[in-house]
Each structure stands twice: as C-alpha cells, then as structure tokens.
A.B. asks: 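Quick one: structure below, then a few questions.
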Amino acid sequence: MSMKKCFVLTLGCPKNEIDSESMSSLLVKKGFILTDDPAEADLAVVNTCAFIDPAKEESIEAAFSLAALKTKGNLEKLIVCGCLSQRYGERLLAEINGIDAVIGTGSWSEIGDVIDDLEKNPKGIVRVKDPGGSYGGALRDEKNGRVSSYLKVSEGCDNECSYCMIPSLRGPFRSRPIDEILQEAGKLAENGVKEISIISNDTGSYGTDLYGEPALPDLMSGLEGIEGFEWIRLLYLHPSTVTEELLDMVASSRKVCRYLDMPIQHVSSRILRKMKRRMDADELMSRLEAVRKRLPGAAIRTSLIAGFPGESGEEFEELLSFVERFRFEHLGVFSYSREEGTEASLLPGQVRDEVKLERVNRLMEVQMMISSEINESYNGTEVRVLIEQENGDCFLGRMSSQAPEVDGAVRVRKTISMKPGFADVRITGTEAYDLEGEFRCIEGT
C-alpha cells in the first residue's frame, strides 16, 4: 500500500510559514509524504490569512480551488487552518463545499488528532478555541538546503491598534523562553542556515511578559553566540520599542544586520491617535532620527496605511511630503481595509476606495523614485550577497540591507556553479527595486 501524499499551502505572513512547517513535520510523523503538486495529493492543508480583505479573498479562493480537486484529482480531504479559520470557524465549513475540517490558530498542533477524527466523523470537524495559552517552539525540519530562515520568538499582540484584527486572531502577547529559542536556533545553524530573521507580531516587546522588561537585547546576545549564523535580522518592531539600548546593541553587533523594520503607519498625530499607535508625531520623528544618528547607513523598512478613516487631503499630503524627505530604504503601503470587529471600522469619515487607491499609488510612485536613486548609488560597488537560489541564467541573492521576500533581490550572472552561500558581488546594473551584478569572490572557495 502506497503512502498518502499531502500538499500544504501557506498564505500570508512569515509567521504562518513557521506554523505550516510545524504542521508539515507533524504530518510527516503521521506517515504522509509531502508534495508540491496539489493534483497528486490525498490531503491538502491551506494555512490562511485574514488580516485584510485582499488576504481573506485570496484564502477563500485557495480553499475553493483545492476543494475542486476532489472531483478532478486525487484529493480526499481538505483542511483549512490559520487566521481565516479562527475568524469564521463553522461558517467556512458551511459555506465552502468540500472543506472537511477547520482548525484555528491555537489548534494547529492538533492536526494529527483532527485527521484521526475525520475517519470517524466524515461530516466535518471544527477545532477552534480562544487564541492564547502558552506558545511552544516550532516543530521544523530545516534539512532542506535553505540558508535563510525565520525564527518566531512570540505569539499574539497586546497593542490593540484600532484597525487591526491580530489580537482577536492570535490572542494576547506571549513570549517563548530564551533557552527554548536558542535551542531551536542552534538546530537551524547546524542544518546550514546562515541568516535568521526574528519575527513576531511585536518583536521589540519580546520578553516583557516573561521577564518583566524587554529582553530582546539579551536574546540577540545569545543568538550572536551561535556558530554558523552570520546575519541576524530584526523584523516587525513597533517604533515605541526601538530604544537606545536596542540601537546600541545593533550598533555594537558583528552579526545583527543594520536593518530595522519598524512600521510607522502615519505621521499625523491626529491619525496616529485614532489608530491607537501609542505615539504622537514628535515621538515618532524622534525615534526615526535616533536610528539615523545611531546607525548611519542603516536600512529602514516601514509600512504606511493610506486612506484611514477621517484622513484629510492635507494629512495625506503631510504623509507624502515626509516620505519624500525622510527617504526610507524600503516602504510598503496598504490601502486601509475596513475590518469588521475593529474600532476603526466604526469611525466616521470612511474614505472612498478610489481615493485610497490614488493615495497608495502616489506614495509608491514617490518611493519607486527614491528606491531607484538609492540603488543607483550601488552601481560599480562591491557588496556581500547571500546567494539563495538559481533562477534561469542567474543566481538570486540579497544584501544585508534587503530582507527576504519583501525588499527586492540581487541577480548575479551565472558564470560559475555554486551552492547557496555568501559571495562578493560587483554591482553592474540597477532597477527600481532589484540590482544586477557579477561574482568577484565566493566564500569557501
């Protein structure tokens, strides 16, 4: 009898990727063979996102698409898990024909039991409970040749921003113990990972619940001592947590990238108050200026929300002008999404969709020009690049100023063969977000 195959689809953020890796490990232990082809799978698992409307729509479309394989493929069972399941629970089972089980964000570790229960109850299972409780380590198999990996240090969020569903989908903020994180990190290093990106919903608050004060600098010190890691990257820092102590740690580190991902969302004090961001414009500017002063040359990534309820034309122009002046190295802009159950969804002055889209486009036009000019400054220089994969006639890699998946890449002409790893590259061409180069030296050769 042949072993059954399982296809796992991950949508949304890197935090979901780690949960999917953990579920995949549990499925392998249960006897499944993982496959990248959904058409040959006996079991399909889709790990969904429900942060904003486009993410919900993508998740629902994926569920419908996979369910169709029950009639034109080998698929026997379909499990939908993650944030969409946490948010809608039994509604998904009732409204999407073909779903066999729904698993919430706090129940992914029970996927093996759910599969067993489906043998007894083919009519459908809903395993959704209040998000919360202790958050344990990931069950991951990193023996896959990857040189870059995410490391989740906490789950949930206590910030309660007025536009955000995360606290209701992921529960309250809860950190993992330092020793547990370092143990997982050590395994990643043993399996050849050279870069780790530290992620959570509020990375800068790491440890406050366990140790009574922020413990991110202590955690980073421990990670820096692990042999094998060469780049350690900080993602998802609330600006209020970017303290002098944190900046000093980054400045003095040999391994922590001079790269900070700190979403600011807006620069109008009135809008920030309505967003419940805990900082006014002056405090926000002070934090950003501190980063530029303490970490000259550091890359800053941020995200903005355009068209928040009540955002006036003058406040948008203020935001646009600030982006032009400050010149973020990397910027993401989201159109405000009116999410049911959030405080912001009830605010007056909801902005029309066409106005939100126009504002997003104007911000990104400015950022494209800024990014192009920053990239042009690399032309002719030699940079260290982490090569991750082959892509046709070139290799794809990143500089330390580029985070995985979101910040563009360096394309290097394939003049030699090499395994994933570090190389010195001379930049020979630039685009708005990507760069091109040629090998100068490959480490280890």
Side-chain angles (χ1 to χ4, degrees), residues 8-25 45-52 54-56 58-59 62 81-84 86 105-106 108 131 135-142 144-157 159 164-166 169-171 173-176 181 184-185 187-189 191 193-206 216 219-220 223 229 231-238 256-257 259-263 299 301-303 330-332 334 386 388-389 396-398 400-409 420:
V8 179
L9 174 64
T10 304
L11 303 174
C13 66
K15 296 179 284 293
N16 261 11
E17 290 185 29
I18 292 180
D19 291 346
S20 290
E21 289 175 12
S22 298
M23 285 189 285
S24 296
S25 294
V45 178
V46 55
N47 195 4
T48 61
C49 179
F51 184 52
I52 55 177
K56 286 188 293 184
E58 181 185 25
S59 295
C81 54
C83 290
L84 193 73
Q86 186 68 37
T105 57
W108 61 258
Y135 171 67
L139 309 170
R140 307 162 69 184
D141 179 12
E142 285 288 345
N144 49 27
R146 289 193 302 197
V147 291
S148 178
S149 182
Y150 296 106
L151 182 62
K152 185 156 67 167
V153 300
S154 68
E155 181 60 282
C157 186
N159 286 324
C164 185
M165 289 293 299
I166 286 176
L169 298 177
R170 292 283 181 174
F173 184 80
R174 42 209 200 280
S175 303
R176 298 171 58 192
I181 297 172
E184 181 184 342
K187 292 179 181 178
L188 295 176
N191 290 329
V193 172
K194 303 296 184 185
E195 174 195 42
I196 53 169
S197 296
I198 308 304
I199 61 172
S200 74
N201 294 305
D202 183 8
T203 301
S205 293
Y206 169 76
L216 186 58
L219 173 62
M220 300 301 284
L223 292 171
F229 293 147
W231 287 355
I232 304 173
R233 190 180 302 279
L234 288 169
L235 302 180
Y236 315 134
L237 296 163
H238 192 289
V256 179
C257 297
Y259 176 105
L260 294 181
D261 174 18
M262 44 188 300
R301 159 167 278 277
T302 198
S303 62
H330 306 289
L331 173 68
F334 297 90
L386 180 60
E388 296 183 274
Q389 60 180 308
L396 292 180
R398 291 175 290 104
S400 64
S401 59
Q402 296 171 311
E405 302 182 82
V406 293
D407 288 341

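As the structure is a prediction and not an experimental result, all values here were calculated from the model. Below, all heavy atoms of this structure are taken into account, side chains as well, without hydrogens, waters or symmetry copies.
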A.B. asks: Please name all residues satisfying salt bridge (Lys or Arg N to Asp or Glu O under 4.0 Å) with K194, sequence neighbours left out, ordered by chain then number.
C.D. replies: none
A.B. asks: Taking only residues two or more places apart in sequence or in another chain, which ones pass side chain to side chain donor-acceptor pair (under 3.5 Å) with E17?
C.D. replies: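 Partners of E17 under the side chain to side chain donor-acceptor pair (under 3.5 Å) test: none.
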A.B. asks: Are side-chain heavy atoms of C83 and M165 found at a separation under 4.5 Å?
C.D. replies: no
A.B. asks: So, for L237 and G204, which heavy atoms are closest and what is the spacing to 0.1 Å?
C.D. replies: CD2-N, 3.5 Å
A.B. asks: Would L11 and V46 count as a side-chain contact (heavy atoms from CB on, under 4.5 Å) here? Give the steps.
C.D. replies: CA-CA 8 Å; L11 303 174; V46 55; 4.1 Å; yes
A.B. asks: Keeping T105 on the side-chain end and L169 on the backbone end, is there a donor-acceptor pair under 3.5 Å?
C.D. replies: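 Yes, the answer is positive, given that a donor and an acceptor are paired below the 3.5 Å cut-off.
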A.B. asks: Test of understanding: with side chain to side chain donor-acceptor pair (under 3.5 Å), list the residues that count as partners of T48, not counting sequence neighbours.
C.D. replies: none
A.B. asks: Taking Y206's backbone N and O only, do any of them form a donor-acceptor pair with S154's side chain (distance below 3.5 Å, no angle check)?
C.D. replies: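 Side chain of S154 to backbone of Y206: no pair is present.
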A.B. asks: Is it the case that the side chain of R398 and the backbone of E405 share a donor-acceptor pair, with hydrogens and angles ignored and the cut-off at 3.5 Å?
C.D. replies: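 Between the backbone of E405 and the side chain of R398 there is no qualifying donor-acceptor contact (under 3.5 Å).
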A.B. asks: Which is it for E195 and V147 under the side-chain contact (heavy atoms from CB on, under 4.5 Å) test, yes or no, and what are the steps along the way?
C.D. replies: CA-CA 6 Å; E195 174 195 42; V147 291; over 6 Å; no
A.B. asks: Establish, from distance only, whether the side-chain atoms of N159 and D202 form a donor-acceptor pair under 3.5 Å.
C.D. replies: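 Side-chain D/A pair, N159 to D202: present.
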A.B. asks: Would you name the heavy atoms of V406 and R301 that are closest together and state the gap between them?
C.D. replies: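 For V406 versus R301, the nearest heavy atoms are O-NH2, 3.0 Å.
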A.B. asks: Test your reading of the model: is there a side-chain donor-acceptor pair from R176 to the backbone of K152, 3.5 Å cut-off?
C.D. replies: yes
A.B. asks: With side-chain contact (heavy atoms from CB on, under 4.5 Å) as the test, would you mind laying out the steps for S400 and W231 before giving the verdict?
C.D. replies: CA-CA 7 Å; S400 64; W231 287 355; 3.8 Å; yes
A.B. asks: Please give me the minimum heavy-atom distance between F229 and V193, naming the atom from each residue.
C.D. replies: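 The answer is CD2-O, 3.6 Å.
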A.B. asks: Please check: side-chain N/O of N47 versus main-chain N/O of N16, any donor-acceptor pairing under 3.5 Å?
C.D. replies: yes
A.B. asks: When rounded to the nearest 0.5 angstrom, what is the spacing between CD1 in I196 and CG in L223?
C.D. replies: 4.5 Å
A.B. asks: Give a yes or no on whether the backbone of M262 and the side-chain of T302 come within a donor-acceptor separation of less than 3.5 Å.
C.D. replies: yes
A.B. asks: Does this structure show an ion pair linking R170 with D19, if we count only N-O contacts that are shorter than 4.0 Å?
C.D. replies: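 Result for this pair is yes, salt bridge flagged.
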A.B. asks: Please tell me whether S22 and S25 have a donor and an acceptor in their side chains that are separated by less than 3.5 angstrom.
C.D. replies: no
A.B. asks: Which value, rounded to the nearest 0.5 Å, describes the distance between Y236 atom OH and S197 atom OG?
C.D. replies: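 So the gap between those two atoms works out to 8.5 Å.
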A.B. asks: Under 4.5 Å between any side-chain heavy atoms of L234 and L216, yes or no?
C.D. replies: yes
A.B. asks: Begin with the C-alpha distance, continue with both residues' side-chain angles, and end with the deciding distance and a verdict on side-chain contact (heavy atoms from CB on, under 4.5 Å) for L396 and E388.
C.D. replies: CA-CA 6 Å; L396 292 180; E388 296 183 274; 5.8 Å; no
A.B. asks: Could you check whether any side-chain N or O of R146 sits under 3.5 Å from a backbone N or O of P420, counting only pairs where one atom can act as donor and the other as acceptor?
C.D. replies: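 No: the side chain of R146 does not pair with the backbone of P420.
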A.B. asks: Check whether any side-chain heavy atom of V8 sits under 4.5 Å from a side-chain heavy atom of M23, and report yes or no.
C.D. replies: no
